[in-house]
Each structure stands twice: as structure tokens, then as C-alpha cells.
Number of protein chains: 2
Amino acid sequence: MPETIRRPDRLPENRYGNRPTMKDVAARAGVGLKTVSRVVNGEPGVTPETERRVQEAIDALGFRRNDSARVLRKGRTASIGLVLEDLADPFYGPLSRAVEEVARAHGALLINGSSAEDPDREQELALALCARRVDGLVVIPAGDDHRYLEPELKAGVATVFVDRPAGQIDADCVLSDNRGGARDGVAHLIGHGHRRIGFIGDMPRIHTAAERLRGYRAAMEDAGIPVEDAWMSLGVTDPERVRRAAEEMLTGPSPVTAVFAANNRVTVTVIRVLAAHARPVALVGFDDFELADLLQPGVTVVAQDSAALGRTAAERLFRQLDGTLVAPERIELPTRLITRGSGELPPSG
Amino acid sequence: MPETIRRPDRLPENRYGNRPTMKDVAARAGVGLKTVSRVVNGEPGVTPETERRVQEAIDALGFRRNDSARVLRKGRTASIGLVLEDLADPFYGPLSRAVEEVARAHGALLINGSSAEDPDREQELALALCARRVDGLVVIPAGDDHRYLEPELKAGVATVFVDRPAGQIDADCVLSDNRGGARDGVAHLIGHGHRRIGFIGDMPRIHTAAERLRGYRAAMEDAGIPVEDAWMSLGVTDPERVRRAAEEMLTGPSPVTAVFAANNRVTVTVIRVLAAHARPVALVGFDDFELADLLQPGVTVVAQDSAALGRTAAERLFRQLDGTLVAPERIELPTRLITRGSGELPPSG
DNA sequence: CCCGGATCTGACAACGTTGTCCAGGCTCTA
DNA sequence: TAGAGCCTGGACAACGTTGTCAGATCCGGG
């Protein structure tokens, strides 16, 4: 197909398909442009009769206001961005739901996407949202350097980090008390007589993982129990390797009688290993999950309130936008130990 | 505070906080506006030296292109909307994740929200997304009348319905084979010797619920088993009432030896009832869920591939946008029976 | 009958970007 | 060294909306 040399700037008339504009509505209703705008936005100063004519034209043409133009003119988009780690992770469902509810209450829409735990993708996504001029950003960080957001912060984009703190910049963040929660969970096992307790968690470069490890160490130290290296498995995430790590600490020279699983993925895998294991082994997991109570035995967990994380973050974000908030703060929400059986098994073997 | 009588149209200089524009960048770099645009968009025709100067000014000012203005000019937003029923429902996690991946592959962002199963809210949300001029819409319907979308369809907004069909309009939809799946599940129970089989499902006004009921009836009819009313519970969703319904069919005059649970919420509740019940009762559930294999016995389910639903829908949407697709179609994806034990229990009592 | 005021309406500019098109400077060849 | 042609850069309009402001209309009262 030969390339057209001079295509007119104005496409025939099918931009956005061929949506009618206020101008079209005005022409059809026989009124001025601004009058249509007034009707659409419910501004006062329009006779009922005029309003009726305009409304009629709107319905007839199927007019819908173009919010891009509106945003351009007004400067506020009434939308906030949410950068998740993984949309499909059940832990984030209630969180994003909570963010959405708060946004809705403030008349804002939610735009979101997942970083898939990739720092570059997190940055790409966050900046794309800023280019859309979202009013604010809720970020669950994948990376640990967020200086790329500095111009945005300076430009007034409200920003709150959730679940993990921001890196290299001073910003609001809302976290769970990871260290305290892990400490409670491990102390619970110690309270039931365990001394050889295993820990399986993610890489310590991830803030939550590091904090939970600290909690484990603190609880052990409080009880005066020296920790053996063979009891700890760090940075192992895929099910197969978690399985192997669990089996090693169960059968090693100094076998553990209890396991602390530092996140829900690990917990589920460990449950599978323990189910196939002859000797009963106690288990406490970080993060609650559905049906934990129906397993045999029920799984004792340190639960974080992911909905509260989302709600708190979103509320802070809108308070930043109101201007009622100035100094960045770090908020830690408490966790809750839920006993269901697996954490109360006595030591054996 | 007294209202300012005449506020100048031009706010001092803090719209969007006070973001620099291309004009500012151009001034600082000592070049024309369009040259900046060229650099930002990687268009050819700029000397390396000029490009460097411009890039420097961009970095120094922290400039970020305003996509609202861009959208206004170009007519495409490179974003699609997703109207979910509930962000927090684990069934929709993989689905929205799949939609996101496809969108990402096409360079589009995803804007989403939940209808909370409320038709009015679904409409409000869908139209808000259209006002943003999303290029397309993936909708999991809450209501059954979608004529409100007609002007949008006419205007060229690509639209695909998922999980449930569109009501009163002719549009693409991607569904699971609900009837066939339910039929397979119930036939499986019959194959293991059951004749008195209970059905617990949602209100038949919901398409999926109605289809699954049809599947149940069809399987029973195929086997020549007359269905008793007492075996069916319809429109019951909250856990307490599901619990009661289940108990009634287990203890009634003609007690069932097996239960078909028509969605994952119901399944989980029924599991709880059966766990507390003396006589073993077989169970097949519609929808798979995590840990179903770890329960005692493992739960046999009719699984739908929610990721495939999302992927298929999103791909169709982008094919609509390409123009490679014209006539709306109704696509049904197969379900898969996963046997884990609970569905293979023999009749007892 | 005219005027003041209140009410309603519309012309116009501006938001920040991109497409078009032309001007000027440069290189290369004859 | 002049001329042709290419390359780079910039002026300008337009996208659809809303804020400002002035003009038009209508009413009642003096």
C-alpha cells in the first residue's frame, strides 16, 4: 500500500471510534458548548427546559465525557496506582480490595499491575502510572532502591509503600510487625517444649524475610538456645528446594522437632513434607491461609491483616493528598498468633 | 476564608504539583518544543548533540511526559479496563493476572475495580472506565442487562465478557463449560454407585449457577434417577445457610450419600459440615482450590482454568482492536475433573 | 417607560502533547 | 564555487474539556 504523502491532521471522524463531543451535543441541542459542560457536570445556572434539550441530545448521540481532556484541564485524575508483587497471590487479594474500597470512597479509580518481583518491572510500572498522572501511588516494592521516584515525590505524587519499606528515599510505609510476629511464633514453639527449631525463609535481602529471621533469632536467644546453622534455610523459595531443605533438617544429625515457615508458600510446601513424614513435627507458619483450620492437624499461624495494611496505606495516601499529612512515617501493624494444633504438638524423636 | 472573586485561569505554576512540561525542557535546552517531543518519543531526526542537551534538561528538571495530553491528542489510551466481581476472590486472581500479562504484551495498562456483585456498581464502574477512554473492557458481569454499553460498543470500545454471558446485547463472551462440567462431576458420583445425590448452588438467576444445575439434572436423567426436591438447595450462599441446607439433606427422610457443591464457597462450607458428620459422604465440588489435595480425604473437583479464561478473553479483546475480529462469538472452555478421594467414596448409610 | 439586578448563555483561551509543513543550514557533486 | 538535495529544527494548529467573563434576556419597581 503506497504511503499517503499528506494525511490531514484531522482523521476523517473516527477518533475514539467516532465519539460525539460536547460540541456535537451542543450543535444538536442548539445551545453553546459551555452549557453542555454545565449540564454534564451538574453545575447550576441552566433552565430546566435547556437542560432537558441537552440531556436529550446526550442520550441520542450516546455522548460520554472524555476524561482525558478533563484531566488535562483540571490537573487531577481522581485515580491512584497500585503496584503489586503478584496479582494472583492470595495474600494480595484482600489488600488490593481494601485499597480499592478506600479509593472508591474518595471517588478515585484504581489502576494496577504486578511487578512479578522484578525491580525493573516495578520501576517501569510505577513510572508509567506517573505518566498517567495518577494522584497517588501505593507500592509493594520488589526492588530496594526507589530513588527513581524522587522527581515524582517532589512533584507532589502521594506515595505510600506497603509490606516492605522504601529503599534510599524518605517515604511513608506501612508494614506488619514481621520481627515481633516471628518472635511470637517461635516463642510459642519454645513454650511447648521445643528447642531444636528449624527456620525456612526467603532471601535475607528481602526486608520481610530478614526481619522474620531476626525474630526467630531473638526468640531463640531469649530462651538461651544456641542456633545451629543446619536449622536454617535461607533464600530457598521454589517448592522442590524447600522440600529438600525441610527433609534435611528433619533427618540431619541434630534433627529439628519443629519448623517455623516464614511465608505462606513455604508453609504449604512444608505441610506436604510433614504429611509424608512418620514422626510428628510441630509447625508454625507466617501468614494465614484459607482452610488452614481444616487440615489435620490445623495449622498454627502468625497472621497478618493484609486488608488492614491496604486500608491503612490508602488512607494515609489520601491524607497526603488532603494535605493533612506531611512528614513520612513508618507504621507497623501487629500480627496475631492463631493456634490450631500444629504449633502445639510436643517434641518427639 | 473569603472566596476569591477573580482567580486567574492560570494557576501560579503548581498544577500537578509543579511539573515541568516539554516547553520548560525546551527552554532549558535551548531548542524547540517539537524537538523535545522527538527525543522523548525516540523519533529520528535529532542530532546526538541536541539529543544529549535535551536529555540533560529532562533529567535536571525531572520531566515526565503527561500521558493525558498525549491520549487526548492520539486517541488511544493503551489501557484496558477490567470489571471484576471481587478482587479478593482467589478464583479471580489468576484470571486478572492473565489479563494483565496479555495487556502488558500489547503495551497496555490495566485499570480495574470490583462490582461487589452489584449490577449498579458494575455499570458505574464500566462507564467510568469508558469515560477514561480505555481501549477495551473485560467484564465479569454482575447484572444481566448490559444495554447501557451499547453506545460504547458502537463507538468502538472493544468488549469481552468473561465467566458469565452478556445480557440483552450481542457481544463476545468466554465461559467455562459449566453444564458439561457439572454433568461430568455428577456422573462421576453416579459411576461410584451413588443415586441419592444432593446439589447445593447459587441462585439460578446467575447464569453459571443455572447451567451447573442443568448439568446436575442432565446427569441424573441420563442415569434414569428421579431427582427429589429435598436434594436440591438453590440460592443459598452464606455459610450458615449452606450449613443448614447440607445438614438437612444429610439427615432427611431420603438422605443423600453424596453432595455436588456448585462453587468453591459452597464446597468449603460443605467440607466443614462433612468433617463433623459421622457417616462418610462423597463430595465433588465445582472450582478447584489450593490445598484441596491435602485435606482428608482429598477433595475431588471439577476445575475450571481461570487463567485460560482471562487469557482467552484478553486476546480476543486485542484482536477486536486489531480489527482481525468482527462477529461476536461465544466461547466455552472445557473443565477438568480432578479425582482426589472425596468423590470416590462409596455410598454408605 | 426605563432601569437595575438577577439569571442564563456562549465566546474564548488554556491545559500539554503530537502531526504537518516550511525554513534554513549543511553536504556533496559538477 | 554554485546548485541540488538532504537533514535538522521549530512554528502552528488541533485534540475535548473547563474557567473566565461579558453579553443577552427577563423581571419587577419606580
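From a predicted model like this one, the values you see are computed outputs, not experimental measurements. Convention: sequence-line order gives letters A, B, ...; per-chain numbering from 1.
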**Asked** Charged N to carboxylate O under 4.0 angstrom, A:E122 versus A:R164?
**Response**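 Answer for the salt bridge query: no.
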
**Request:** Output yes when A:E100 and B:R121 qualify as a salt bridge under the 4.0 Å nitrogen-oxygen rule, no when they do not.
**Result:**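 The answer is yes: the pair qualifies as a salt bridge.
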
Rounded interatomic separation in angstrom, taking [atom1] from [X] and [atom2] from [N]:
| X | N | atom1 | atom2 | answer |
| --- | --- | --- | --- | --- |
| A:E43 | C:dT7 | CD | P | 17 Å |
| B:N66 | D:dC15 | CG | C1' | 13 Å |
| B:K74 | C:dT17 | NZ | P | 13 Å |
| B:K23 | D:dG10 | NZ | P | 15 Å |
| B:L72 | D:dC15 | CG | C1' | 4 Å |
| B:R73 | C:dT18 | CZ | P | 9 Å |
| B:R132 | D:dG16 | CZ | P | 18 Å |

**Asked** How far does CD of B:E85 sit from CG of B:L87, to the nearest 0.5 angstrom?
**Response**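 B:E85 CD to B:L87 CG: 10.0 Å, rounded to 0.5 Å.
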
**Prompt:** Going by atom types alone, do B:S114 and B:D86 pair a side-chain donor with an acceptor below 3.5 Å?
**Reply:**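 Not at all, the side chains of B:S114 and B:D86 share no donor-acceptor pair under 3.5 Å.
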
**Prompt:** When you check the side-chain N and O atoms of A:N41 and A:R65, is any donor under 3.5 Å from an acceptor?
**Reply:**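 Yes, because at least one side-chain N or O of A:N41 sits under 3.5 Å from a partner of the opposite role on A:R65.
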
**Request:** Could you check whether the rings of B:H146 and B:F161 sit parallel, tilted or perpendicular, using 30° and 60° as the cut-offs?
**Result:**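 Plane angle over 60°, so perpendicular.
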
**Message:** Nearest heavy atom decides the nucleotide; on that basis, is B:P48 or A:D67 closer to the 5' end of DNA chain D?
**Reply:**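 Upstream on the strand: B:P48.
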
**Request:** Would you indicate which nucleotide in D:dG9, C:dT17, C:dT18 comes nearest to any side-chain atom of B:T47?
**Result:**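 Given the options D:dG9, C:dT17, C:dT18, the side chain of B:T47 is closest to D:dG9.
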
**Message:** For a quick test of reading the model, state the closest non-hydrogen atom pair linking A:A98 to A:R311 and the distance between them.
**Reply:**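 Smallest heavy-atom distance, with atoms named: CB-N, 3.7 Å.
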
**Request:** Check DNA chain D against residues 25-39 of chain A and give the residues with a non-hydrogen atom under 4.0 Å, in numerical order.
**Result:**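 Contacts with DNA chain D under 4.0 Å: A:L33, A:K34, A:S37.
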
Let me check something: any side-chain donor-acceptor pairs from residues 165-173 of chain B under 3.5 Å, sequence neighbours excluded? List them with distances.
{"residue": "B:D172", "atom": "OD1", "partner": "B:R316", "partner atom": "NE", "Å": "3.0"}
{"residue": "B:D172", "atom": "OD1", "partner": "B:R316", "partner atom": "NH2", "Å": "2.9"}
{"residue": "B:D172", "atom": "OD1", "partner": "B:E329", "partner atom": "N", "Å": "2.8"}
{"residue": "B:D172", "atom": "OD2", "partner": "B:R316", "partner atom": "NE", "Å": "3.3"}
{"residue": "B:D172", "atom": "OD2", "partner": "B:Q320", "partner atom": "NE2", "Å": "2.7"}

**Prompt:** Crowded around B:D144 CG? As in, over 12 foreign heavy atoms under 6.0 Å?
**Reply:**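 Open: at most 12 neighbouring heavy atoms sit under 6.0 Å from CG of B:D144.
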
When the side chains of residues 53-62 of chain B are checked against the rest of the protein, which donor-acceptor pairs come out under 3.5 Å, sequence neighbours left out?
{"residue": "B:R53", "atom": "NE", "partner": "B:A29", "partner atom": "O", "Å": "3.0"}
{"residue": "B:R53", "atom": "NH2", "partner": "B:A29", "partner atom": "O", "Å": "3.3"}
{"residue": "B:E56", "atom": "OE2", "partner": "B:R52", "partner atom": "NH1", "Å": "2.6"}

**Asked** In chain order, what residues pass the ring-ring contact (aromatic ring centres under 6.0 Å, His included) check against B:H207, with sequence neighbours excluded?
**Response**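 Counting only residues at least two positions away or on another chain, B:H207 forms no ring-ring contact (aromatic ring centres under 6.0 Å, His included).
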
**Message:** Let me check the geometry of the helix from C:dC1-D:dG30 to C:dA30-D:dT1. What is the bend angle between the axes at its two ends, five pairs each, to 10°?
**Reply:**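 Between the axes fitted at each end of the helix from C:dC1-D:dG30 to C:dA30-D:dT1 lies an angle of 50°.
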
**Request:** Report which part of the nucleic acid A:G45 touches: base, sugar-phosphate, or nothing (heavy-atom distance under 4.0 Å, all strands).
**Result:**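 It contacts base atoms.
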
**Asked** Looking across every strand, which nucleic acid part, if any, lies under 4.0 Å from B:V40 by heavy atom: base, sugar-phosphate, or nothing?
**Response**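 Nothing: the residue B:V40, judged by heavy atoms under 4.0 Å, touches no strand.
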
**Asked** For DNA chain C, what residues of residues 49-65 of chain B have any heavy atom nearer than 4.0 Å?
**Response**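 Contacts with DNA chain C under 4.0 Å: B:F63, B:R65.
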
